[in-house]
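Heavy atoms only: backbone and side chains are in, while hydrogens, waters and symmetry mates are out.
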Amino acid sequence: MTIEVEECMEYFAENRKLTKILNDPRLLVKNFGRDRAKRIQARLDEFDAADTLQQIPSDPPPRCHRLHNNLEGKFAVDVSKNFRIVFEGYDKADQLSIEKSAIVTVQIIKIEDYH
């Protein structure tokens, strides 16, 4: 009898400061406020639950979408009306990818209002 273990998508932050904030609920609230912190955590939980980026809905609330212009090649998910988690996706070979079905790792670059 073989048991298949499904691998979940992983995420990490681009820098130490953001890593520290994402891993500490108090810092998350301090930096983004209680409501945004709760929504950021919800998006991170969605990353944890998915196998690939394709499983993150393009419909709200996460509204996973590709970015263009100066953020070409990156993606974002909604946190609030204007706030987004901006990230890059990597495939199983740790190569940068824009193919949602191939992306298994996400590198969070920033959480901001880029509008």
Side-chain angles (χ1 to χ4, degrees):
M1 180 173 166
T2 50
I3 300 173
E4 285 189 39
V5 178
E6 294 219 10
E7 291 187 33
C8 293
M9 217 166 60
E10 296 179 348
Y11 67 86
F12 62 96
E14 185 178 53
N15 58 55
R16 273 194 183 140
K17 181 181 179 187
L18 188 53
T19 299
K20 196 172 180 179
I21 292 168
L22 293 177
N23 288 313
D24 185 337
R26 268 191 10 239
L27 287 177
L28 207 52
V29 170
K30 181 180 177 185
N31 283 273
F32 297 104
R34 187 171 311 283
D35 188 46
R36 274 198 197 111
K38 197 162 79 173
R39 290 179 186 183
I40 290 167
Q41 190 58 57
R43 298 295 87 82
L44 298 177
D45 292 345
E46 289 164 355
F47 287 148
D48 276 338
D51 297 328
T52 68
L53 191 61
Q54 190 169 19
Q55 292 177 327
I56 306 293
S58 341
D59 299 329
R63 201 175 70 87
C64 182
H65 56 283
R66 280 189 54 198
L67 301 175
H68 304 284
N69 300 326
N70 61 332
L71 294 172
E72 186 70 41
K74 295 174 180 37
F75 292 87
V77 288
D78 292 359
V79 172
S80 64
K81 185 177 179 184
N82 289 334
F83 263 73
R84 308 286 184 264
I85 297 175
V86 178
F87 59 91
E88 293 176 327
Y90 293 85
D91 62 19
K92 288 181 180 178
D94 286 333
Q95 298 297 312
L96 196 58
S97 177
I98 56 169
E99 186 62 46
K100 284 185 171 185
S101 61
I103 295 173
V104 294
T105 304
V106 163
Q107 179 177 347
I108 297 171
I109 297 166
K110 53 190 165 186
I111 302 172
E112 69 174 9
D113 175 355
Y114 59 72
H115 293 97

Could you check whether any side-chain heavy atom of [X] comes within less than 4.5 Å of a side-chain heavy atom of [Y], counting everything from C-beta outward?
X: Leu53; Y: Met9; answer: yes
X: Leu96; Y: Glu88; answer: yes
X: Glu99; Y: Asp91; answer: no
X: Lys17; Y: Thr19; answer: no
X: Val104; Y: Asp51; answer: no
X: Lys74; Y: Ile109; answer: yes
X: Gln41; Y: Lys38; answer: no

I'd like to know whether Leu28 forms a side-chain contact (heavy atoms from CB on, under 4.5 Å) with Arg26, so could you lay out the CA-CA distance, the side-chain angles of the two residues, the decisive distance to 0.1 Å, and finally the verdict.
CA-CA 5 Å; Leu28 207 52; Arg26 268 191 10 239; over 6 Å; no

With side-chain contact (heavy atoms from CB on, under 4.5 Å) as the test, would you mind laying out the steps for His65 and Asp78 before giving the verdict?
CA-CA 9 Å; His65 56 283; Asp78 292 359; 3.6 Å; yes

Gln95 and Tyr90: side chain to side chain donor-acceptor pair (under 3.5 Å), yes or no, with the steps?
CA-CA 5 Å; Gln95 298 297 312; Tyr90 293 85; over 6 Å; no

Sequence neighbours excluded, every pair satisfying ring-ring contact (aromatic ring centres under 6.0 Å, His included) that has a member inside residues 8-61
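Found Phe47-Phe87.
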
Rounded to the nearest 0.5 Å, how far apart are [atom1] of [X] and [atom2] of [Y]?
X: Ser97; Y: Ile103; atom1: OG; atom2: CD1; value: 4.5 Å
X: Thr52; Y: Lys92; atom1: OG1; atom2: NZ; value: 9.5 Å
X: Asp94; Y: Thr105; atom1: CG; atom2: OG1; value: 6.0 Å

Audit row: Lys20, Asp24, salt bridge (charged side-chain N to carboxylate O under 4.0 Å, His left out) steps and yes/no
CA-CA 6 Å; Lys20 196 172 180 179; Asp24 185 337; over 6 Å; no

Around atom CD of Glu112, are there more than 12 heavy atoms of other residues, nucleotides or ligands at under 6.0 Å?
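Yes, enclosed.
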
Is the number of heavy atoms from other residues, nucleotides or ligands within 6.0 Å of CD1 (Ile98) greater than 12?
no

Under 4.0 Å between a Lys/Arg side-chain N and an Asp/Glu carboxylate O for Arg66 and Glu72?
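A salt bridge links Arg66 with Glu72.
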
Basic-acidic side-chain contact under 4.0 Å: Asp59, Arg63:
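Not counted as a salt bridge, because no side-chain N and carboxylate O are separated by less than 4.0 Å.
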
Could you tell me whether the side chain of Arg84 and the main chain of Ser80 form a donor-acceptor pair under 3.5 Å?
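At least one qualifying donor-acceptor pair exists.
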
Can you spot which of Ile21, Leu18, Asn31, Val77 makes a side-chain contact (heavy atoms from CB on, under 4.5 Å) with Ile111?
Leu18

What are the two closest non-hydrogen atoms of Cys64 and Ile56, and how far apart are they?
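That would be CB-CG2, 3.7 Å.
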
Do the side chains of Phe83 and Val29 join up, straight or via other hydrophobic residues, at under 4.5 Å, putting them in one cluster?
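Different clusters: Phe83 never reaches Val29 through Ile, Leu, Val, Met, Phe, Trp or Tyr contacts under 4.5 Å.
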
Taking a hydrophobic cluster as the set of Ile, Leu, Val, Met, Phe, Trp and Tyr residues connected by side-chain heavy atoms closer than 4.5 Å, whether directly or through intermediates, do Leu71 and Val79 fall within one such cluster?
no

